[in-house]
Amino acid sequence: MAKPKVALYWAASCGGCDVAVLDVNEKILDVANIVDIVFWPIALDFKYHHVEAMKDESIDLCLFNGAVRNSEQEKIAKLLRAKSKVMVAFGACACFGGIPALANFTNRAGIFQRVYVEAPSNDNVNGTFPQTLTKVNEGDLELPEFYNDVLTLAQVVNVEYFVPGCPPPVDLILKVIDLFATGKLPPVGSVIASDKTLCDECDRIKEEKKITKLYRPHEIIPDPKKCLLEQGIICCGPATRGGCGLRCIQANMPCRGCFGPPPGVIDQGAKLVSAIASIYQGDNEDEIAKMVAEVLDPAGTFYRFGLADSMLKRKRLQQAEGRA
Ligand code: SF4
Ligand code: SF4
Ligand code: SF4
């Protein structure tokens with residue numbers, strides 16, 4: 001019997017999600033035994049034209065990691081969507097925009113200005129920016145169009161499943177492959193992780209006490225048995241879906257929220273702000289203002305992984321209307 005066909009792709013990604021798949025180590029041989037990998041740019045020498053030549057829906061499962069921030073990524077997302085029966089947003093960037101979507105606090109013009117003009121290592125006296133088309137003697141050189149916004153995969157194509165994490169942990173990757181191979185995938189639209197919050201899975205001692213100061217992780221050595229949030233360290237556990245195996249908590253580090261919002265929560269950042277406000281000892285405006293001032297990087301703290309998928313989606317900028 002023919003083995004199911006699987007494709008893997010990276011878009012606006014750091015490569016960590018692909019490396020996480022390689023991290024299954026010798027079990028990758030088990031995976032290769034049960035599926036036929038037909039496209040995986042980081043590991044195998046398939047080209048786009050090989051995918052274009054495939055029949056629609058001839059790929060059984062596509063694991064797509066990374067957000068969508070340029071025209072090439074959008075084109076390949078649509079191509080793989082057409083060729084795949086099951087499309088999986090794989091990793092925090094594909095699911096929620098992830099770290100790349102923090103760029104939605106600025107826009108294309110702001111990024112180009114910083115990268116190609118202001119960066120100290122630049123020597124760009126003419127202020128030349130990348131062009132989508134450059135004519136040279138040998139022919140036309142093309143670059144993808146860099147969009148104004150970073151988008152989640154589901155904002156570009158229909159997605160059947162979401163596998164969160166930055167990157168998804170190895171045991172979750174193996175679980176997805178197993179669910180797929182045994183025909184036990186959950187209902188379409190499911191997030192394949194826990195249905196609880198991370199706090200629900202965390203067995204640190206919670207004393208329900210108020211805090212009077214917020215600390216950054218390097219400013220304090222936390223008690224490894226007690227709740228980090230109750231020690232004044234911002235931990236995203238109350239606003240984050242469980243299922244990661246408490247990876248950061250076990251290293252005595254706070255959760256940064258890479259599994260995205262738990263069921264029923266639309267905006268992870270707003271939920272986290274609400275959770276912190278509820279345990280902060282602040283009875284007046286001055287004390288609340290002090291708490292806000294203690295969060296040195298509100299954008300990166302509350303929307304580290306989820307800006308593109310949040311209610312905000314992006315910072316409103318005059319120049320940022322439209323995608324290009
Ligand atoms: S989810 Fe994390 S590991 Fe995966 S591509 Fe994004 S930043 Fe990299
Ligand atoms: S806030 Fe963090 S440390 Fe505290 S219970 Fe939740 S996950 Fe655990
Ligand atoms: S503890 Fe939080 S940030 Fe760390 S892996 Fe789990 S969900 Fe991600």
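Just so you know, ligand 1 is whichever comes first in the structure, and atom 1 is the first atom listed for that ligand. Because the structure is predicted, anything quoted here is derived from the model rather than measured.
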Quick one: nearest non-hydrogen protein atom to [atom], plus distance?
| atom | value |
| --- | --- |
| atom 1 (S) of ligand 1 | Ala92 N, 3.4 Å |
| atom 6 (Fe) of ligand 3 | Cys244 SG, 2.3 Å |
| atom 2 (Fe) of ligand 1 | Cys166 SG, 2.3 Å |
| atom 8 (Fe) of ligand 1 | Cys14 SG, 2.2 Å |
| atom 3 (S) of ligand 3 | Arg256 N, 3.2 Å |
| atom 4 (Fe) of ligand 1 | Cys17 SG, 2.3 Å |
| atom 5 (S) of ligand 3 | Arg247 NE, 3.3 Å |

Item to check | Over 12 non-hydrogen atoms of neighbours within 6.0 angstrom of CD in Glu118 | outcome: yes
Checklist outcome for this item: Between Tyr280 and the options Lys210, Lys213, Lys290, the side chain to side chain donor-acceptor pair (under 3.5 Å) test singles out Lys290
Tell me, do [X] and [Y] make a side-chain contact under 4.5 Å, heavy atoms counted?
| X | Y | answer |
| --- | --- | --- |
| Tyr303 | Asn104 | no |
| Phe305 | Ile99 | yes |
| Pro262 | Lys196 | no |

Could you state the interatomic distance from [atom1] ([X]) to [atom2] ([Y]), rounded to the nearest 0.5 Å?
| X | Y | atom1 | atom2 | value |
| --- | --- | --- | --- | --- |
| Tyr161 | Leu185 | OH | CG | 4.5 Å |
| Phe90 | Cys62 | CZ | SG | 11.0 Å |
| Asn148 | Arg314 | CG | CZ | 5.5 Å |

Just jot down the ligand 1 atoms closer than 4.0 angstrom to any heavy atom of [X], in number order.
| X | value |
| --- | --- |
| Pro167 | 3 (S) |
| Gly16 | 3 (S), 8 (Fe) |
| Ser13 | 5 (S) |

Item to check | Candidate pair Arg81 and Glu160, rule salt bridge (Lys or Arg N to Asp or Glu O under 4.0 Å), full reasoning | outcome: CA-CA 10 Å; Arg81 170 68 279 183; Glu160 273 83 15; 2.9 Å; yes
Item to check | Those atoms of ligand 3 less than 4.0 Å from some heavy atom in Cys248 | outcome: 1 (S), 3 (S), 4 (Fe), 5 (S)
Item to check | For Gly257, atoms of ligand 3 separated by under 4.0 Å from a heavy atom | outcome: 2 (Fe), 3 (S)
Next on the checklist: Can you tell whether the side chains of Asp60 and Lys85 come within less than 4.0 Å, N to carboxylate O?
Outcome noted: yes
Item to check | Non-hydrogen atom of Gly165 closer than 4.0 Å to ligand 1 | outcome: yes
Item to check | Residue Cys93, metal atom 8 (Fe) of ligand 1, N/O/S under 2.8 Å | outcome: no
Next on the checklist: Taking 2.8 Å as the distance threshold, tell me the number of protein N/O/S atoms next to atom 8 (Fe) of ligand 2.
Outcome noted: 1
Checklist entry - Side chain of Glu201, backbone of Gly243: donor and acceptor closer than 3.5 Å? => result yes
Next on the checklist: When you group the ILVMFWY residues by side-chain heavy-atom contacts below 4.5 Å and let the links chain together, are Val176 and Val86 in the same group?
Outcome noted: yes
Next on the checklist: Taking the cut-offs as 6.0 angstrom to the six-membered ring centre and 45 degrees off its axis, would you call Arg69 and Phe146 a cation-pi pair?
Outcome noted: yes
